[in-house]
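Data first, discussion second: the structure below is written as structure tokens.
Side chains are part of it too, since the values below use all heavy atoms of this structure and drop only hydrogens, waters and symmetry mates.
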Amino acid sequence: MINLDIYGWDDKLNQLKQKSTHKTLHHGRIAVVHRTCYDVIFENGLLQCELTGNMMFSRSDSELPCVGDWVIFQPFEENKGIIVDILPRERTLYRKKNGTIADKQAIASYVDKAFIVQSLDDNFNVRRAERFIAQILEENINPALILNKADIIFDRSKIEEQIKHLSCRIPVFFTSIHDHQTIILLRESILEGETVVFVGSSGVGKSSLVNALCEEPLLRTSDISMSTGKGRHTSTRREMVLMKNAGVLIDTPGVREFGLTIDDAGSLAEMLDISDLAKSCRFKDCEHTGEPDCAVLKAVDNGVLALDVYESYLKLQREAWHFSATEHERRKREKSFSKLVTQVKKNKGIS
């Protein structure tokens, strides 16, 4: 028997299950998402589940199960089952779906911490880290910045200067799978029952870090490319593994782009150390782009606020506003269409 408490099951989730019409069935957590099915961990082990037709065709892509979701299922064969319900999500990490304006993709749910992994070669990009942090904080998930491959030669003081506006707000770890002490420090930051998702670009060593934390090769990794000196892309799916005597780790494929799905653009100011400055602006609704007596612009002129941080704030804010406005219009159209369908059915006497 598997104790699902170590995977995060608690009284609150049990109460949510009792509200489902399928409360008498088994429950479990999505461990792996395949193209057409899902691996679900439950009290008796692991089984592969498919969705009911109603769930598959009545939900948007962002509402389909993702790794970390808690689901209710009906077993029908040995090691197989049908998912009939998904418990309401909390602390779900989303990103804007590639090639769309306002569609979003769920990466992982019921996440306590998100480790943003960058490698200390030319992959390091503080602007990309800010983008991840903004989205993670939006969902009330605790971010940490993991600067991996610390065994290579790099200018630590230069890196620390670039991230000082972030390191004063979130934990930062310098790690290397070749330095056991750095792995121990990272492992100590993960508590029993917590779920941690690893996000970042391809080749930064996310899967290798997960294996090092678990002290066994649970995830497939590749050798370093001799031509580029970088790790090759190996993770092709989101996958959950259990860490001994600690939490649950979720590995994710590398992403080139990470579009924001933020509703509250104001949260960006706090993340980038601008909110305290903004309190001294003459106008409460100051947008910090050209208004008189703007404390933020004054801080940029005086060198108190770095210009690149300020420019990053404006860029992320524009993107967040654009997504929020587009999402609002999409929801408005869907609501109007739903009302129209209801009225048509009513006129035709269709229940």
Side-chain angles (χ1 to χ4, degrees), residues 1-95 97 103-114 139 141 192-198 210 214 218-220 235-244 246-253:
M1 293 286 288
I2 294 174
N3 179 9
L4 290 181
D5 291 356
I6 62 178
Y7 283 91
W9 184 258
D10 56 22
D11 290 339
K12 185 175 182 180
L13 283 163
N14 189 53
Q15 290 172 13
L16 289 173
K17 182 184 178 182
Q18 299 313 308
K19 297 177 182 179
S20 172
T21 56
H22 305 284
K23 62 183 180 182
T24 59
L25 298 179
H26 293 282
H27 63 268
R29 197 172 189 193
I30 301 288
V32 181
V33 174
H34 302 282
R35 288 192 176 184
T36 59
C37 59
Y38 306 85
D39 289 352
V40 177
I41 187 80
F42 76 120
E43 59 184 8
N44 293 332
L46 190 72
L47 80 168
Q48 198 168 82
C49 290
E50 297 178 356
L51 296 178
T52 64
N54 181 54
M55 289 187 67
M56 185 181 301
F57 298 112
S58 66
R59 294 171 179 255
S60 65
D61 288 348
S62 64
E63 295 172 326
L64 294 176
C66 70
V67 172
D69 273 338
W70 288 94
V71 297
I72 300 176
F73 63 91
Q74 172 71 64
F76 69 90
E77 285 182 14
E78 186 179 359
N79 300 324
K80 291 189 180 296
I82 293 287
I83 295 173
V84 297
D85 200 4
I86 305 174
L87 297 187
R89 285 174 176 162
E90 290 186 3
R91 306 185 307 279
T92 305
L93 182 59
Y94 292 96
R95 72 162 179 157
K97 200 170 181 180
D103 292 331
K104 59 185 181 180
Q105 178 183 31
I107 296 175
S109 68
Y110 278 93
V111 175
D112 298 292
K113 294 174 180 174
E139 305 298 340
I141 299 169
E192 185 174 350
E194 283 188 332
T195 295
V196 181
V197 63
F198 287 68
V210 171
C214 294
L218 298 176
L219 302 177
R220 188 170 64 89
S235 297
T236 57
R237 63 189 187 186
R238 299 175 185 90
E239 184 169 357
M240 183 173 74
V241 298
L242 184 65
M243 194 171 122
K244 293 178 181 177
V248 173
L249 309 183
I250 298 176
D251 187 33
T252 64

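The heavy-atom pair separating P65 from V33 by the smallest distance is O-CG2, 4.1 Å. When every heavy atom of E194 is checked against every heavy atom of D112, the shortest pair comes out as CA-OD2, 3.3 Å. When all heavy atoms are compared, the tightest approach of C214 to L249 is SG-CD1, 3.8 Å. When all heavy atoms of S109 and G68 are compared, the pair lying nearest together is OG-C, 3.1 Å.
Exactly one of D39, D69, T195 qualifies for a side-chain hydrogen bond (donor to acceptor under 3.5 Å, both in side chains) with R29. That residue is T195. Partner of W70 under the ring-ring contact (aromatic ring centres under 6.0 Å, His included) criterion, chosen from Y7, W9, Y38: W9.
Taking the six-membered ring where tryptophan is involved, the planes of F42 and H26 are perpendicular, since the angle between them exceeds 60° and thus also 30°.
Note: F73 CZ to I83 CD1 = 9.0 Å, rounded to the nearest 0.5 Å. Taken to the nearest 0.5 Å, the CG atom of D61 stands 12.5 Å off from the NZ atom of K104. Distance check: I250 CD1 to C66 SG gives 8.0 Å after rounding to the nearest 0.5 Å. Atom CD of E50 sits about 7.0 Å away from atom CE of M56, to the nearest 0.5 Å. Here SG of C37 is found 10.5 Å from CD1 of I82. Values are rounded to the nearest 0.5 Å. Taking CD1 of I86 as the start and CD of E63 as the end, the distance is 8.5 Å to the nearest 0.5 Å.
Using a distance-only test at 3.5 Å, with no hydrogens or angles considered, no donor-acceptor pair links the side chain of S62 to the main chain of A106. Side-chain atoms of R91 come within 3.5 Å of backbone N or O of V111 as a donor-acceptor pair. Listed for the K17 side chain is a donor-acceptor partner under 3.5 Å among the backbone atoms of L25.
Enclosure of atom CG in N3 by more than 12 non-hydrogen atoms of other residues, nucleotides or ligands within 6.0 angstrom is indicated.
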Begin from the C-alpha positions of V71 and C49 and carry the test side-chain contact (heavy atoms from CB on, under 4.5 Å) through to its verdict. CA-CA 10 Å; V71 297; C49 290; over 6 Å; no

Going through the distances and angles, do L87 and L13 end up as a side-chain contact (heavy atoms from CB on, under 4.5 Å)? CA-CA 8 Å; L87 297 187; L13 283 163; 4.1 Å; yes

Determine, stepwise, if the pair H27 / L4 fulfils side-chain contact (heavy atoms from CB on, under 4.5 Å). CA-CA 10 Å; H27 63 268; L4 290 181; 3.7 Å; yes

From CA spacing to verdict: side-chain contact (heavy atoms from CB on, under 4.5 Å), M240, I30: CA-CA 8 Å; M240 183 173 74; I30 301 288; over 6 Å; no

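Inter-residue side-chain proximity for E192 and I6 is flagged as met; some heavy-atom pair is nearer than 4.5 Å.
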